Amino acid sequence: TTISYGETSRRWLGIDPSISCDEAQYKQMQPLAIFFFLMYGFGIPGAVVLIIKATKKRIGRARTFRVFSFLVAGFELDRWYWETTIYVRKLLIVLIMVFIPDARA
C-alpha cells in the first residue's frame with residue numbers, strides 16, 4: 001500500500017502497516033522477487049512448450065501426447081499448446097489486477 005505526501009510517498013505492507021517496504025532490506029529483495037515472478041509466469045509455460053516440442057521430435061507425436069495427456073487432454077491434437085496460452089492469459093489478468101490501480105480507491 002502506498003500513501004503520497006506531496007513529492008514523497010511511503011509504502012508499507014498492506015496486511016501489517018508496521019512493516020515499511022521502503023527499508024533497504026526489502027528494496028534488496030525486489031529484483032529477486034521480480035525475477036522469480038517472471039520465471040514462474042513466463043518461464044514455466046515456455047519450458048512446457050519447449051519440453052513437449054523436444055519430446056515430440058524424440059519419441060513421436062502419439063507417445064508424447066500420452067505422456068503429457070494431463071496437459072493436453074481435451075484439446076485438439078493440433079492445438080496442444082493451448083493450455084500454455086490459457087496459463088499466460090491468466091497471468092496477464094493477474095498482472096493487470098495487481099499493477100493497474102483501482103480508480104475507485
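It should be emphasised that the depicted structure is a prediction, and the values quoted were computed from it without experimental measurement.
- Counting heavy atoms from C-beta outward, Thr85 and Tyr81 have side chains that approach closer than 4.5 Å.
- With hydrophobic clusters built from ILVMFWY side chains whose heavy atoms lie under 4.5 angstrom apart, Val94 shares a cluster with Leu38.
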Requested in this report: With side chain to side chain contact (heavy atoms under 4.5 Å, CB included) as the test, would you mind laying out the steps for Phe37 and Leu32 before giving the verdict?
Outcome: CA-CA 8 Å; Phe37 180 76; Leu32 187 64; over 6 Å; no
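- Evaluation of the side-chain contact (heavy atoms from CB on, under 4.5 Å) rule for Phe35 yields Met39 as partners, not counting sequence neighbours.
- Phe68 is connected to Ile86 through a chain of hydrophobic side-chain contacts under 4.5 Å among Ile, Leu, Val, Met, Phe, Trp and Tyr, so both are in one cluster.
- Residue Leu92 holds its CG atom at 6.5 Å from CD1 of Ile96, rounded to the nearest 0.5 Å.
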Side-chain donor-acceptor pairs under 3.5 Å in residues 44-63, sequence neighbours left out?
residue : atom : partner : partner atom : Å
Thr55   : OG1  : Ile51   : O            : 2.7
Arg61   : NH2  : Leu77   : O            : 3.1
Arg61   : NH2  : Asp78   : OD1          : 3.0

Side-chain donor-acceptor pairs under 3.5 Å in residues 18-29, sequence neighbours left out?
residue : atom : partner : partner atom : Å
Ser18   : OG   : Asp16   : OD1          : 2.7
Ser18   : OG   : Asp16   : OD2          : 3.4
Ser20   : OG   : Asp22   : N            : 3.3
Asp22   : OD1  : Arg11   : NE           : 3.3
Asp22   : OD2  : Arg11   : N            : 2.9

